[in-house]
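Shown next, in structure tokens, is the structure this report addresses.
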Amino acid sequence: MESRNNPDDVALSSQERLALWRIEAELRQDRRLARRMRHPVARPWLPLSVAALTCASLLLLVVGILTSDSAVLWCLAALWPITLLLASRMLRRPAGAEDHTRS
């Protein structure tokens, strides 16, 4: 017996409806998925922090070249990899690499 009561006018057999119901029941039990659906991850701080760290790194680079102070160069050495890491995360995000679902 086919059901035509759904809004998309798609006919589902009773086996298909049962399978769909089971899938939906499993998804409802997934607490991590429910939390992600309720609170979408938005990171507006990422571009701002990358811009700030890039400016700070460039400033440290210029000051380090002009003064040759070892403390400034060590700060640059510590700050630059963090800047590159956050920049790579920011650039990968639009490509869909943000999806870290675990099976």
Side-chain angles (χ1 to χ4, degrees):
M1 180 179 210
E2 301 286 325
S3 172
R4 297 198 182 266
N5 294 339
N6 53 11
D8 295 330
D9 292 332
V10 177
L12 297 176
S13 68
S14 59
Q15 291 88 5
E16 291 170 331
R17 284 194 310 268
L18 182 61
L20 183 61
W21 180 81
R22 286 179 182 161
I23 292 170
E24 289 173 350
E26 287 180 24
L27 289 175
R28 277 196 245 37
Q29 291 177 354
D30 190 354
R31 291 182 182 161
R32 188 183 318 161
L33 177 64
R35 191 177 327 118
R36 285 179 120 183
M37 296 299 285
R38 262 187 269 127
H39 306 291
V41 177
R43 297 184 183 180
W45 56 268
L46 189 58
L48 294 175
S49 62
V50 168
L53 288 173
T54 302
C55 290
S57 295
L58 290 175
L59 178 70
L60 286 173
L61 179 66
V62 169
V63 171
I65 289 172
L66 293 177
T67 63
S68 298
D69 187 14
S70 63
V72 174
L73 294 175
W74 278 109
C75 289
L76 174 64
L79 190 62
W80 186 240
I82 297 169
T83 305
L84 290 178
L85 176 71
L86 290 178
S88 68
R89 288 190 70 187
M90 183 182 72
L91 293 175
R92 283 187 327 188
R93 184 174 50 178
E98 184 82 19
D99 186 25
H100 296 304
T101 57
R102 295 181 187 169
S103 298

Of all heavy-atom pairs linking Leu46 and Ser49, the shortest is O-OG, 2.9 Å
Margin query: Hydrophobic cluster membership, with links at side-chain heavy-atom distances under 4.5 Å among I/L/V/M/F/W/Y: are Trp80 and Leu73 in one?
Written below: no
### Task
Please answer: with hydrophobic residues joined when any side-chain heavy atoms are less than 4.5 Å apart, are Leu48 and Met90 in the same cluster?
no
Return a table of donor-acceptor pairs under 3.5 angstrom between the side chains of residues 55-68 and protein atoms on other chains or two or more places apart.
from  : atom 1 : to    : atom 2 : distance (Å)
Ser57 : OG     : Leu53 : O      : 2.8
Ser57 : OG     : Thr83 : OG1    : 3.3
Thr67 : OG1    : Val63 : O      : 2.7
Thr67 : OG1    : Asp69 : N      : 3.3

Determine all donor-acceptor pairs shorter than 3.5 Å in which one atom belongs to a side chain in residues 19-29; sequence neighbours excluded.
from  : atom 1 : to    : atom 2 : distance (Å)
Arg28 : NH1    : Glu24 : O      : 2.9

